[in-house]
Structures are given as structure tokens and as C-alpha cells.
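All remarks here apply to the structure that follows.
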Amino acid sequence: PENGIDLAASVKSRGRNLTWQKVSDGAYDGYVDLRTILKHSSWGVAYGAVSIHSPEKRKVQLRIASDEACKLWFNDELVWQIYSTRESPIDRYIVSVVLHPGDNKILIKVTNSLQDWGFYFRVTDENGDGFQDIEFHAPGEASEFASHLGDSKVD
């Protein structure tokens, strides 16, 4: 996915056919619990992809946290990465970017060795508040079918 997101693609790994899946825990707290979603948490890597539809150009903060190695791409450009093995609370890292009008692509890569596996991801203004007029949807979906949210959701 680092060279282009194809939601129809699959990858063979350890005898399993891995595919993209749409996920939501319904909590809208910005946390994606990969261990619960994937039912496997040791020595793995997962990708999350979402499109952010903005009605106008605006500066936003991408607020992210992961307890292990993590990379973040914004519109196909690597904008942040960390190699860590420590607990990471919500909003630990902040990356400022400018959304352009229309869809903006996000790709997140999160690795895990042992124990908990997941990440926080939120899109906010400089005060940490969400936006009422941006929409989140799976890459490639038309934005008119997107869920209107005031905070982040990763598909």
C-alpha cells in the first residue's frame, strides 16, 4: 500500500490471504484497536487508510499515537514516522498539514511485536477540536456517501 492503495488487492502471508477490511468500533474516540479487529497481535504490521473530504483549503493537525513503530502518509507523501516501544497516549504526536478542497488521502502503517496493538488518529484544529464540515470515507468511495463526523474514524 505504500506505493498506492488498492482496496481490491490481497496479499498472501503465512498461508493466509490478507485483504483490506472496513472497520469501526462505533466509539468515535480516535482509537483503532488492531488486536481486537485482527485477532492476531504478535509480530505483525497493519495498514489503515482513509480519505478526508474537506470543503475548503485549511490547515489541520493530524494527531496520532502508537506504542510501536508507525508511519503516516498524507496525499502519498511520508510526513511522519516514529520508532518507539513505549506507551503512547492520545494526541502524543501532532503533524500539521494543509487539506486541499476535495479528498485527501491518509495511510498509516503500525507495527507490533507483543501485547497491545493499535493507534490513535484524529484530525483537529490547533485547539484539538474536530471539524463539523469534513467527512471521512474509504479511499475511492465517492464523498457523497461518506459519514459526516466531527472527529476521526479510520476505515
Side-chain angles (χ1 to χ4, degrees), residues 1-54 60-99 103-131 134-141 146-147 149-155:
E2 296 172 26
N3 297 320
I5 298 171
D6 178 1
L7 297 180
S10 64
V11 175
K12 285 238 183 229
S13 176
R14 296 182 182 165
R16 297 185 307 163
N17 194 31
L18 306 175
T19 60
W20 287 94
Q21 55 184 297
K22 196 169 192 172
V23 299
S24 173
D25 63 5
Y28 304 112
D29 59 359
Y31 186 70
V32 177
D33 184 351
L34 294 170
R35 187 169 79 169
T36 300
I37 293 165
L38 300 176
K39 310 291 187 238
H40 174 79
S41 62
S42 297
W43 306 105
V45 62
Y47 290 87
V50 68
S51 285
I52 304 167
H53 184 86
S54 178
V60 300
Q61 292 182 346
L62 305 178
R63 293 177 176 233
I64 189 163
S66 173
D67 65 346
E68 292 205 23
C70 184
K71 291 184 176 183
L72 176 69
W73 288 264
F74 174 71
N75 289 331
D76 299 319
E77 179 183 341
L78 180 65
V79 293
W80 177 83
Q81 62 184 338
I82 186 109
Y83 298 96
S84 176
T85 56
R86 62 181 177 166
E87 189 174 323
S88 199
I90 190 169
D91 295 350
R92 182 174 193 92
Y93 304 103
I94 297 173
V95 179
S96 293
V97 298
V98 176
L99 295 179
D103 290 339
N104 298 267
K105 294 187 292 184
I106 296 289
L107 178 68
I108 299 171
K109 177 182 182 180
V110 182
T111 65
N112 191 52
S113 53
L114 300 170
Q115 300 179 16
D116 291 337
W117 187 19
F119 64 94
Y120 284 99
F121 179 77
R122 299 187 327 122
V123 180
T124 72
D125 64 16
E126 63 186 17
N127 298 317
D129 297 321
F131 297 96
I134 62 174
E135 298 173 336
F136 299 85
H137 57 91
E141 284 185 355
S147 298
L149 304 172
D151 207 22
S152 300
K153 174 182 170 185
V154 177
D155 288 328

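In this text the structure is predicted, and so the values were computed from the model without any measurement.
- Considering every non-hydrogen atom in both Leu7 and Ile5, the closest pair reads CD2-CG2, 3.8 Å.
- Checked by atom type and distance alone, the side chain of Arg122 never pairs as donor or acceptor with a backbone atom of Ile90 at under 3.5 Å.
- Closest approach of Pro89 and Ala65 over heavy atoms only: O-CB, 3.1 Å.
- A side-chain donor-acceptor contact under 3.5 Å links Asp125 to the backbone of Asn127.
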Test side chain to side chain contact (heavy atoms under 4.5 Å, CB included) applied to Val60 and Phe131, step by step: CA-CA 9 Å; Val60 300; Phe131 297 96; 3.6 Å; yes

Trp73/Lys109 under side chain to side chain contact (heavy atoms under 4.5 Å, CB included): CA gap, chis, key distance, verdict: CA-CA 9 Å; Trp73 288 264; Lys109 177 182 182 180; 3.8 Å; yes

For side chain to side chain contact (heavy atoms under 4.5 Å, CB included), just list the numbers for Asp103 and Ile52, CA-CA rounded to whole Å, side-chain angles, deciding distance to a tenth of an Å, and then say yes or no. CA-CA 5 Å; Asp103 290 339; Ile52 304 167; over 6 Å; no

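- The two residues Val45 and Trp117 make their nearest non-hydrogen contact at C-CZ2, 3.6 Å.
- Within the 4.5 Å cutoff, the side chain of Cys70 has heavy atoms near those of the Trp80 side chain.
- A distance of 15.5 Å separates CD in Gln61 from OH in Tyr93, rounded to the nearest 0.5 Å.
- With values rounded to the nearest 0.5 angstrom, Asp116 atom CG is found 10.5 Å from Ser66 atom OG.
- Put simply, CZ on Phe119 and OG1 on Thr111 are 12.5 Å apart, with the number rounded to the nearest 0.5 Å.
- The heavy-atom pair separating Pro1 from Leu107 by the smallest distance is O-CD2, 3.4 Å.
- Asn112 places no side-chain N or O within donor-acceptor distance of the main-chain N or O of Gly44, the cut-off being under 3.5 Å.
- For the side-chain contact (heavy atoms from CB on, under 4.5 Å) test with Val50, the passing option among Ile106, Val123, Ile108 is Ile106; the others fail.
- Looking at Trp20, its side chain never comes within 3.5 Å of a backbone N or O of Ala9 through a donor-acceptor pair.
- Put simply, CG on Leu72 and CD1 on Ile82 are 12.0 Å apart, with the number rounded to the nearest 0.5 Å.
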Could you walk me through whether Asn17 and Ser10 pass the side-chain hydrogen bond (donor to acceptor under 3.5 Å, both in side chains) check? CA-CA 6 Å; Asn17 194 31; Ser10 64; 3.3 Å; yes

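- Note that NZ of Lys71 is 12.5 Å distant from CD1 of Ile64, once rounded to the nearest 0.5 Å.
- Under the 4.5 Å side-chain criterion, counting only non-hydrogen atoms from C-beta, Glu2 is in contact with Tyr47.
- Residue Leu99 holds its CG atom at 4.5 Å from CG of Asn104, rounded to the nearest 0.5 Å.
- Within a 6.0 Å radius of CG in Asn3, other residues, nucleotides and ligands contribute 12 heavy atoms or fewer.
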